Protein chains: 2
Amino acid sequence: MTVRMTRQRAAVAEALDESPEFRSAQQLHETLRARGDAVGLATVYRTLQALVDGGEVDVLRTGEGESLYRRCVTRAHHHHLVCRSCGRTVEIDGPSVEAWASAMGAAHGFADIEHTVELWGTCADCRAAHGA
Amino acid sequence: MTVRMTRQRAAVAEALDESPEFRSAQQLHETLRARGDAVGLATVYRTLQALVDGGEVDVLRTGEGESLYRRCVTRAHHHHLVCRSCGRTVEIDGPSVEAWASAMGAAHGFADIEHTVELWGTCADCRAAHGA
DNA sequence: GGACTGGTGAGAACGGTTGTCAAGTCGCCG
DNA sequence: CGGCGACTTGACAACCGTTCTCACCAGTCC
């Protein structure tokens, strides 16, 4: 079961590399199609899933249940501050949060603690653009 | 547009009151059906949504995108430590996390900061039951 | 009791995601 | 370089949770 490099996989990886924002599978699919590098939607999903499994890409889910993907700079565990309008992202680190999370888990007898910590906001540019 | 008290709404509220765990709309629907208090699924969703809007019930989304509901003790803002297997929940408070979140937002020029902070684990009982 | 109006439920619609499976390719081997 | 087999792909159907539709039902107020 060798892993093959195909035109499609390269295209998805490239699209990810090009945008520093978190983007949905459908947005990436649309980008590729627009550029002429057509790739089936199912393939986009499969490729993204594989990248996520390999730890090469980060995923997070919006409040509406859509998954967003991004090739993060840091491969180590970190959190995100994401613009809810354009997807622009700042990778942040929260040592105190990690400590707090595991202490809380242990204190209540829970094991295999996992935590979800994401920050959403509106970045300066989007605020300027959207009025408000 | 008066709000009416109906058998269905009362049933959903009661089902919520009976279980301290986070439960999905479908689980609640099933519980009601099993008990004989049949209520349409759409109504369960509508009622839950209304309770959430009124701040009477907390929602959170599982990693798989399903929404879970729970009548929390604290009405003030708080976070949850949830058993991923049975839904058992501990309401937790994280003043340091709140401060950290808004400081991070401000530091990067993001406004209207919102944060998602949830802890998932396996509670002692479920660990005992599931072996492992 | 009657009317007015919000509520209900069965089922269709939806939106994102995953599964299906025949047809297409990558890579290795000879 | 041509062949082969296993891995991939893609069009489309299936899924799943959730929301919408709309005709019928039932609280509330008088």
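This one's a predicted model, so the numbers in the text were calculated from it and none came from an experiment. Each chain gets a letter, A, B and so on, in the order its sequence line appears, and its residues count up from 1. Heavy atoms only: backbone and side chains are in, while hydrogens, waters and symmetry mates are out.
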Original post:
Would Thr89(A) and Glu21(A) count as a side-chain contact (heavy atoms from CB on, under 4.5 Å) if you check the C-alpha gap in whole Å, the side-chain angles of each, and the deciding distance to 0.1 Å?
Top reply: CA-CA 6 Å; Thr89(A) 301; Glu21(A) 294 92 30; 5.6 Å; no
Original post:
Reckon Arg9(B) has a side-chain N or O less than 4.0 Å from the OP1 or OP2 of dG27(D)?
Top reply: no
Original post:
Side chain of Glu118(A), backbone of Leu60(A): donor and acceptor closer than 3.5 Å?
Top reply: no
Original post:
Strictly by modelled atom types, are Gln8(A) and Thr43(A) linked by a side-chain donor-acceptor pair under 3.5 Å?
Top reply: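 There is no such pair (donor and acceptor under 3.5 Å, judged by atom type) between the side chains of Gln8(A) and Thr43(A).
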Between [X] ([atom1]) and [N] ([atom2]), how many Å, whole number?
X        : N       : atom1 : atom2 : answer
Glu64(A) : dC14(C) : CD    : P     : 19 Å
Leu51(A) : dT8(D)  : CG    : P     : 13 Å
Arg33(A) : dG10(D) : CZ    : C1'   : 11 Å
Gln27(B) : dT18(D) : CD    : P     : 11 Å

Subject >> ILVMFWY clustering at 4.5 Å (side-chain atoms), partners of Met104(A) >> reply: Leu81(A), Val90(A), Ile92(A), Val97(A), Trp100(A), Phe110(A), Ile113(A), Val117(A), Leu119(A), Leu81(B), Val90(B), Ile92(B), Val97(B), Trp100(B), Met104(B), Phe110(B), Ile113(B), Val117(B), Leu119(B)
Original post:
Should we count CZ of Arg7(B) as having more than 12 external heavy atoms under 6.0 Å?
Top reply: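 Atom CZ in Arg7(B) is crowded, with more than 12 foreign heavy atoms closer than 6.0 Å.
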Subject >> Residues Arg70(B), Glu91(B); criterion salt bridge (charged side-chain N to carboxylate O under 4.0 Å, His left out); working and verdict >> reply: CA-CA 11 Å; Arg70(B) 176 175 191 267; Glu91(B) 295 176 32; 2.8 Å; yes
**OP:** Produce a footprint string for nucleotides 17-30 of chain C: one letter per nucleotide, 5' end first; B if the base is under 4.0 Å from any protein heavy atom, S if only the sugar-phosphate is, - if neither.
**Re:** BBBB----BBS---
